[in-house]
Amino acid sequence: MGDAQQVERAAAAHRLMAIGEYTVRRIAEQTDAHNRWAVDGWEQIAAEISAQLGISRKRASAQMSDGQSLIERLPKLAAVFAAGQVDFRVIAAAIYRTDLIIDTAALASVDAQLAATAPSWNTLSRERVAELVDWMVIEADPDAIRVAAQRDADRHIQVRPGHNGTAEIYGEVRGPDAAVFDTALDELAATVCPNDPRTHKQRRTDALSPLSARATSMACLCGAPDCPAAGTQVSSHPMVINLIAEAATIAGTSTKPGYLPGYGAVPAATVTELANSAALRPVPTADELGVEENYRPSAALTRFIQCRDLTCSFPGCDQPAVGCDIDHSIPYPHGPTHPSNTGLKCRIHHLLKTFCGWTDRQRPDGSIEWTSPRGRTYTTSPAGARFFPQLGIPTETLTLPNSPPPDPNRTLAMPQRHRTRTQDRAYRIDYERAQNRARYEADPPPF
Ligand SMILES: [Zn+2]
Ligand SMILES: [Zn+2]
């Protein structure tokens with residue numbers, strides 16, 4: 001599988017680079033004479049490529065510009081792509097999100113950084129890849145920061161009448177404001193009982209009115225006089241949105257952006273402004289933490305782990321810190337409560353490790369080597385350290401047992417399914433067949 005995947009990646013690169021080379025060469029041969037023709041030089045090249053590959057002229061055109069960008073703007077990244085080391089998904093994000101860089105030195109620096117790090121991004125989600133490219137761009141290109149300031153100045157929300165009694169709300173808002181709003185809708189939508197007939201999406205939308213009226217609950221529509229949700233209110237604790245930034249950014253002496261999990265880079269000026277009213281909690285470095293006495297990590301260690309890891313450590317898993325358990329890689333007390341022995345795992349991957357033969361081994365820099373029940377190994381590095389490398393600075397190397405006994409503090413029990421997967425499939429097929437039969441019997445086709 002892995003070999004085929006690498007061949008597939010290299011083949012995709014080969015095709016795209018061939019398209020790019022042909023495009024670049026043909027453009028060089030063309031004169032400017034027909035630039036204003038509807039079928040200009042580019043369109044003529046697209047026609048040849050679309051005919052050769054049997055694809056539409058739009059797809060041909062998109063691949064021409066991708067290939068051209070790789071050759072002319074990101075040659076170092078193109079080389080690792082050609083070697084089959086990077087997925088096209090990552091390449092596409094890199095091409096698109098670096099497109100506004102015009103300074104050649106900045107572009108060359110971003111290209112070199114991408115070539116060095118993109119091969120380790122294949123397991124990351126589309127959103128995380130986009131955040132990482134943006135992070136590089138915003139650091140390398142001062143104009144990109146100016147663009148961010150302009151976008152920030154253009155922030156707006158508009159409400160306007162739609163059709164059939166609906167309305168449209170749209171706008172562009174600051175990431176932290178969006179995160180607060182999003183969480184507030186979810187919290188209100190959760191104040192009804194499970195028998196409320198609306199979907200989660202509908203309830204979130206209906207939460208808009210109570211939210212605007214500063215209500216702390218929304219009415220349940222289950223219709224039961226003894227609805228168990230009566231009196232349920234949103235938590236009175238203040239909502240917490242974690243924005244991670246360096247001290248210099250908070251103090252206003254650095255242009256390095258802050259990072260908002262799920263939203264990406266937040267411009268330094270916004271971070272400085274928000275810091276005036278936000279509660280500031282220092283994130284300790286790993287060497288300030290050391291070994292802790294207890295099984296449960298302290299608040300400081302928890303904060304460190306959540307910032308360093310950001311998500312579950314299983315390859316390809318993007319579950320954010322809020323939905324994750326903090327797990328001792330080597331079970332306590334055989335392994336200590338220490339930055340180099342604790343990390344984030346979502347419930348599914350925590351259960352997988354506890355009950356299903358997967359093991360993990362944590363390195364001092366927070367990266368984790370997972371071993372499958374068949375002995376294959378996969379190493380992931382902590383997501384937060386990609387944005388703030390100081391979080392991944394290795395501390396002391398712990399001396400840990402090689403095959404520790406099972407976790408004596410094991411509190412997880414394997415949750416049970418109501419129906420097996422096979423029963424579930426049979427049930428679904430029966431249900432749909434019965435529906436089709438009922439429809440047919442109610443309205444048989446004429447013969
Ligand atoms: Zn109810
Ligand atoms: Zn996971």
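Each ligand, and each atom within it, is numbered from 1 in the order the structure gives. What you see is a predicted model; the values in this text were computed from it and never measured.
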- Task: Tell me which N, O or S atom of H349 sits nearest to the Zn ion (ligand 2).
- Result: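 Atom name returned: ND1.
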
- Query: Once rounded to 10 degrees, what value does the angle at the Zn ion (ligand 1) take between SG (C193) and SG (C227)?
  - Reply: 110°

- Looking at W135 versus F387, is the centre-to-centre ring distance below 6.0 Å? yes

- Angle in degrees, rounded to 10°, that SG of C317 and SG of C346 form at the Zn ion (ligand 2):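 So the angle at the metal works out to 110°.
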
- State, without any angle test, whether Q435 and Y431 hold a side-chain donor-acceptor pair at a distance under 3.5 Å.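 On atom types as modelled, these side chains qualify, holding a pair under 3.5 Å.
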
- Is it the case that S120 and R386 place a side-chain donor and acceptor less than 3.5 Å from each other? yes

- Message: Please evaluate residues E246 and K256 with respect to the criterion salt bridge (Lys or Arg N to Asp or Glu O under 4.0 Å), reporting the C-alpha separation (whole Å), side-chain torsions for both, the decisive distance (0.1 Å), and the verdict.
- Response: CA-CA 8 Å; E246 288 181 359; K256 182 161 178 168; 3.2 Å; yes

- Message: For a distance under 2.8 Å, tell me if C312 has an N/O/S atom near the Zn ion (ligand 2).
- Response: yes

